[in-house]
Amino acid sequence: QVQLVESGGGLVQAGGSLKLSCAASGRSFSTYAMGWFRQAPGREREFVARIRYNGGRIYYADSVKGRLTISRDNAKNTVYLQMNSLKPEDTAVYYCAADRSLTPSFSPQSYDYWGQGTQVTVSS
């Protein structure tokens with residue numbers, strides 16, 4: 001069992017930066033791939049980024065490449081999402097999620113555990 005708690009969301013102007021954190025409980029954090037997803041009002045939850053259990057493989061949605069960076073610190077049981085050059089269309093609730101599978105997946109249905117989400121609002 002893994003419990004996830006996101007933090008770091010907030011209100012920022014377009015072009016600004018935020019860093020999200022996701023703290024995990026449980027000793028098995030280092031065996032899970034971790035992902036970030038986001039969900040805007042009236043829209044489906046969408047994939048943002050994924051990092052392999054050992055940080056060896058990273059994937060991004062095309063819409064965030066070059067602006068958002070996922071990383072993890074297994075010693076601290078934490079995964080991060082550094083968000084730069086933010087745009088109003090990045091406004092959403094951001095969720096972290098844990099996936100036991102070694103097969104990369106960008107579908108929310110593939111992930112086993114979820115955090116409660118943190119709101120990111122980018123003003124124009």
Side-chain angles (χ1 to χ4, degrees):
Q1 188 96 9
V2 176
Q3 292 185 326
L4 304 172
V5 179
E6 301 96 336
S7 62
L11 174 63
V12 64
Q13 288 188 331
S17 299
L18 282 174
K19 186 172 185 177
L20 306 183
S21 299
C22 173
S25 64
R27 292 182 227 172
S28 57
F29 172 77
S30 62
T31 67
Y32 286 81
M34 297 299 296
W36 285 97
F37 290 77
R38 65 187 182 186
Q39 188 166 18
R43 302 190 66 176
E44 292 187 351
R45 192 167 298 189
E46 66 174 0
F47 169 77
V48 174
R50 175 186 172 102
I51 186 167
R52 202 177 183 196
Y53 69 96
N54 60 358
R57 279 287 184 97
I58 290 175
Y59 305 86
Y60 294 102
D62 288 343
S63 59
V64 307
K65 280 181 183 176
R67 301 188 299 115
L68 275 58
T69 303
I70 189 172
S71 62
R72 67 189 297 161
D73 185 340
N74 286 345
K76 295 183 178 180
N77 278 15
T78 303
V79 63
Y80 304 97
L81 187 67
Q82 177 66 47
M83 309 169 70
N84 298 328
S85 302
L86 283 164
K87 304 175 181 180
E89 51 264 45
D90 293 317
T91 295
V93 177
Y94 283 71
Y95 299 89
C96 68
D99 181 6
R100 286 176 289 194
S101 174
L102 293 177
T103 303
S105 174
F106 313 128
S107 169
Q109 286 73 24
S110 299
Y111 288 72
D112 303 291
Y113 302 103
W114 290 85
Q116 83 289 347
T118 186
Q119 176 71 47
V120 171
T121 303
V122 184
S123 63
S124 57

D99 side chain vs P104 backbone, donor-acceptor pair below 3.5 Å = no
For residues V5 and Q116, determine if any side-chain heavy atom of one lies less than 4.5 Å from a side-chain heavy atom of the other.
-> yes
Qualifying residue, where the test is salt bridge (charged side-chain N to carboxylate O under 4.0 Å, His left out) with R38 and the options are E89, E46, E44 | E46
Pairwise ring-ring contact (aromatic ring centres under 6.0 Å, His included) hits with a residue in residues 38-79, at least two apart | F37-F47, F47-F106, Y59-F106
Salt-bridge criterion met for K65 and D62 (N-O under 4.0 Å) = yes
In terms of hydrophobic clusters joined by side-chain contacts under 4.5 Å, are L18 and W36 together?
-> yes
Has the side chain of E6 got a donor or acceptor atom that lies under 3.5 Å from a matching backbone atom of L20?
-> no
On a heavy-atom basis, the closest approach of A14 and S124 is CB-CA, 4.4 Å
In the single-linkage hydrophobic clustering (I, L, V, M, F, W, Y; side-chain heavy atoms under 4.5 Å), do Y80 and L86 co-cluster?
-> no
Atom CE of M83 and atom OG1 of T69: how far apart are they, to the nearest 0.5 Å?
-> 10.5 Å
Of all heavy-atom pairs between N84 and S17, which one has the smallest distance, and what is that distance?
-> OD1-OG, 2.9 Å
Backbone N/O of Q3 and side chain of S25: donor-acceptor pair under 3.5 Å = yes
Nearest atoms (heavy-atom pairs only) where V122 meets D90 | CG2-CB, 4.3 Å
In terms of heavy-atom contacts, L4 and Y113 come closest through CD1-O, 3.6 Å
Does T118 use its side chain to pair, donor to acceptor, with the backbone of S7 at less than 3.5 Å?
-> no
Has the side chain of Y111 got a donor or acceptor atom that lies under 3.5 Å from a matching backbone atom of C96?
-> no
R72 to Y32 six-membered ring, cation-pi geometry met (6.0 Å, 45°) | no
When rounded to the nearest 0.5 angstrom, what distance separates CD in Q119 from CG in L11?
-> 9.5 Å
Taken to the nearest 0.5 Å, the spacing of S30 OG from N77 CG works out to 7.5 Å
Heavy-atom pair of closest approach, residues F29 and A24 | CD1-CB, 3.3 Å
Tightest non-hydrogen contact, residues Y95 and G115, listed as CD2-O, 3.6 Å
Verify same cluster id: L68, V79 (apolar side-chain graph, 4.5 Å) = yes
side-chain contact (heavy atoms from CB on, under 4.5 Å) partner of T91, the single match among V120, T121, V12 | T121
By side-chain hydrogen bond (donor to acceptor under 3.5 Å, both in side chains) - contacts of S85 (at least two apart) | none
CD1/I58 to CZ/R52 distance, rounded to the nearest 0.5 angstrom?
-> 12.0 Å
Nearest 0.5 Å please: distance from the CE atom of M34 over to the CZ atom of R50.
-> 10.0 Å
